[in-house]
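In what follows, a single structure is set out as structure tokens and then discussed.
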Amino acid sequence: MRIVCPSCGRSYSSFIPPRCSCGAELELSYDYSEVDISSWRRRDRGVWRYRELLPDVKRVITLKEGGTPLFKAKLGEELGLNVFIKDETRNPTGSFRDRLITVAVSYGLPYAENGFAVASNGNAAASLSAYAARAGKEAFVVVPKKIDRGKLIQMIAFGAKIIRYGDSVDEGIEYVRELSRLNGFYDVTPENNIIGLEGQKTIAFELWEELNPTHIIVPTGSGSNIYSIYRGFRELLEMDAIDEMPRLIAVQPEKCSPIASEILGRKAKKEITRALGLYVKDPVSKERAIKAVRETGGTAVLVGEDELDFGERVLVNEGVFAEYSSAVVVPALFRLSEEGYFERDDRVALIVTSSGLKAYYREERFSIGGTKLEILRLLRDGERYGYEIWENLEKPMNYQAVYQHIKELESLGLIEKSRKRGKRLYYRLSEKGKRLLENFSE
């Protein structure tokens with residue numbers, strides 16, 4: 001793999017920005033004539049199955065990402081179409097971003113003496129937290145104040161250093177770039193460093209091996225995923241593995257639609273949406289995403305907030321629990337079907353990018369709340385023993401129930417024993433508990 005600017009000839013190695021300093025767009029390239037595609041089938045499934053078309057690395061940091069299930073959807077019978085679900089929720093941390101992070105961390109490891117950093121609206125930050133822990137490196141994640149709590153819990157659990165900055169991920173991208181420069185972190189943010197996008201393109205290779213779809217419907221926020229899929233299929237075209245590209249369809253919520261609206265020739269909105277993972281107001285990869293759609297003859301779809309629950313319910317009936325940011329593909333499919341966009345023999349793939357277990361709107365069901373959160377807040381002021389904790393709770397409760405909450409918090413690593421004085425056993429917040437409480441106070 002070698003990166004040379006096609007315009008000015010400048011060479012890049014450790015860090016590869018989306019554009020050269022001269023302004024030209026950069027892309028990684030390989031010797032496609034040397035790739036033996038038939039060898040892929042003899043290897044284990046996953047991102048690194050396609051290593052000839054990935055950056056050379058000395059050490060692979062992997063959690064066995066990729067190789068996610070592709071199965072025929074029941075909803076296709078209702079529509080009279082061949083519809084398939086690519087379930088990216090089955091990746092190690094529950095999202096497609098594990099594909100990006102395994103490559104970015106593996107490649108960046110020699111340059112990450114002080115750790116890794118990323119600006120993210122959730123999934124990439126949760127993923128980096130896990131993979132950096134696996135690599136024995138620190139992770140510094142810059143995330144907006146509005147963030148899915150399930151993703152935040154993952155970051156806390158893996159010990160990431162969390163920086164809450166701005167109202168959307170857009171504001172964190174430049175911030176993390178400067179933070180990395182000043183502190184010697186390796187920045188894996190795809191808007192700053194395109195190396196990780198090579199991992200995301202493996203979705204295309206897996207789809208080709210199992211289905212060779214005619215259409216692919218992709219939830220679109222930053223635009224990097226739909227561009228990555230486009231890049232993967234373009235490489236397959238380069239190697240004569242396919243005769244034509246599948247049509248790529250970008251789906252965005254009506255409330256935040258800078259990419260889809262431009263494709264459709266409408267005025268874009270940049271408002272907060274319940275599909276929080278798609279809340280990207282000024283995507284750096286916008287031009288690349290639009291290029292991916294237009295060059296494949298695809299289109300875009302805008303989805304209303306009132307359609308998100310419908311999308312989620314349909315996927316649940318398929319056995320897939322997805323966050324709203326993924327569920328947008330369902331109403332998009334129904335809309336295009338009603339408009340007669342597909343032919344009966346088309347093969348349509350829905351990319352379900354992230355698990356519903358991470359979602360903001362399920363905060364009360366899947367996060368630390370109620371009595372446990374009240375106990376953590378009591379211990380924020382200093383150590384206390386069990387009876388003292390019970391005495392200071394606002395809601396009357398049986399002492400044994402409080403004791404059970406204390407033991408569960410201890411087992412989660414959120415509190416720890418501090419000392420024993422006579423029969424009194426004192427507890428205090430652990431470092432993990434402090435981080436969780438800091439972030440839940442937002």
Determine the minimum heavy-atom distance between Ala24 and Ser7, stating which atoms define it.
CB-CB, 3.6 Å

State, without any angle test, whether Asp187 and Asn192 hold a side-chain donor-acceptor pair at a distance under 3.5 Å.
yes

So does Ala260 get a backbone contact from the side chain of Gln252, meaning a donor-acceptor N/O pair under 3.5 Å?
yes

Could you tell me whether the side chains of Asn123 and Lys358 share a donor-acceptor contact shorter than 3.5 Å?
yes

Answer with yes or no whether the side chains of Tyr32 and Glu235 bring together a donor and an acceptor at under 3.5 Å.
yes

Walk me through whether Asp98 and Ser127 qualify under side-chain contact (heavy atoms from CB on, under 4.5 Å).
CA-CA 6 Å; Asp98 289 345; Ser127 183; 2.6 Å; yes

Side-chain ion pair, Arg274 and Asp306, N-O less than 4.0 Å:
no

Inspect the surroundings of CG in Asp345 and state if more than 12 heavy atoms from other residues, nucleotides or ligands are less than 6.0 Å away.
yes

If you count the non-hydrogen atoms of other residues, nucleotides and ligands that lie under 6.0 Å from NZ in Lys64, is the total more than 12?
no

Given Ser222 and Glu191, is the side-chain contact (heavy atoms from CB on, under 4.5 Å) satisfied, shown in steps?
CA-CA 8 Å; Ser222 70; Glu191 289 82 3; 3.2 Å; yes

Taking CZ in Arg335 as the centre, count heavy atoms belonging to other residues, nucleotides or ligands within less than 6.0 Å. Is the count above 12?
yes

When you check the gap from the basic side-chain N to the acidic O, do Arg181 and Glu178 get nearer than 4.0 Å?
yes

Could you tell me the separation between the OG1 atom of Thr214 and the CG atom of Asn82, rounded to the nearest 0.5 Å?
8.5 Å

Should the pair Lys151-Glu323 be classified as a salt bridge under the 4.0 Å nitrogen-to-oxygen rule?
yes

Flag the pair Lys270 and Asp282 as a salt bridge only when some basic side-chain nitrogen lies within less than 4.0 angstrom of an acidic carboxylate oxygen.
yes

Determine, for Arg313 against Glu318, whether the closest basic-nitrogen to carboxylate-oxygen distance falls under 4.0 angstrom.
no

Just to verify, which of Leu79, Val83, Val348 counts as forming a side chain to side chain contact (heavy atoms under 4.5 Å, CB included) with Phe342?
Val348

Name the residue from Arg45, Arg49, Lys86 that meets the salt bridge (charged side-chain N to carboxylate O under 4.0 Å, His left out) definition with Glu209.
Arg49

Exercise: do Ser106 and Trp48 side chains pair donor with acceptor under 3.5 Å:
no

Backbone N or O of Gly94 within a donor-acceptor pair of the Thr89 side chain at under 3.5 Å?
no

Give, for atom CD1 of Ile226 and atom CD1 of Ile351, the distance between the pair rounded to the nearest 0.5 Å.
9.5 Å

Value for OG (Ser180) from CZ (Phe116), rounded to nearest 0.5 Å, stands at 11.0 Å

In this structure, which one of Ile163, Val141, Val118, Val142 forms a side chain to side chain contact (heavy atoms under 4.5 Å, CB included) with Val176?
Val142

Tyr324 side chain to Asp309 side chain, donor-acceptor N/O pair below 3.5 angstrom:
yes

How far apart are the closest heavy atoms of Gly122 and Ile147, and which atoms are they?
CA-CD1, 4.1 Å

Electrostatic pair Glu88-Arg97, nearest N-O below 4.0 angstrom:
no

Residue pair Thr353 / Ser326, side-chain donor-acceptor N/O under 3.5 Å
yes

Heavy-atom count check: over 12 atoms from other residues, nucleotides or ligands less than 6.0 Å from Asp243 CG?
no

Surrounding CD of Glu287 (heavy atoms of other residues, nucleotides or ligands, distance under 6.0 Å), is the total greater than 12?
no

Gap separating the CZ atom of Arg288 from the CD1 atom of Ile194, nearest 0.5 angstrom:
5.0 Å

I'd like to know if Glu27 pairs up with Arg234 as an ion pair, taking the criterion as any Lys NZ or Arg NE/NH1/NH2 lying under 4.0 Å from an Asp or Glu carboxylate oxygen.
yes

Give me the one residue out of Lys291, Lys267, Lys286 that meets salt bridge (charged side-chain N to carboxylate O under 4.0 Å, His left out) with Glu262.
Lys286

Establish, yes or no, whether a centroid distance under 6.0 Å links the rings of Phe334 and Phe310.
yes

Pick from Glu198, Glu65, Glu206: which one makes a salt bridge (charged side-chain N to carboxylate O under 4.0 Å, His left out) with Arg99?
Glu206

Value rounded to 0.5 Å, distance of OH in Tyr165 from CD in Glu174
8.0 Å

Going through the checks in order, is the side-chain contact (heavy atoms from CB on, under 4.5 Å) test met by Ile3 and Ser11?
CA-CA 6 Å; Ile3 296 294; Ser11 180; over 6 Å; no

Without hydrogens or angle criteria, can the side chains of Arg10 and Ser21 be said to hold a donor-acceptor pair below 3.5 Å?
yes

What is the ring orientation for Tyr111 with Tyr186, classed by angle as parallel under 30°, tilted 30 to 60°, or perpendicular over 60°?
parallel

Apply salt bridge (charged side-chain N to carboxylate O under 4.0 Å, His left out) to Lys269 and Glu254, showing your working.
CA-CA 7 Å; Lys269 293 182 180 180; Glu254 289 177 350; 5.7 Å; no

Answer yes if the ring centres of Phe233 and Trp208 are under 6.0 angstrom apart, and no otherwise.
no

Does the distance from a Lys or Arg side-chain N to an Asp or Glu carboxylate O, for Glu52 and Arg43, drop under 4.0 Å?
yes

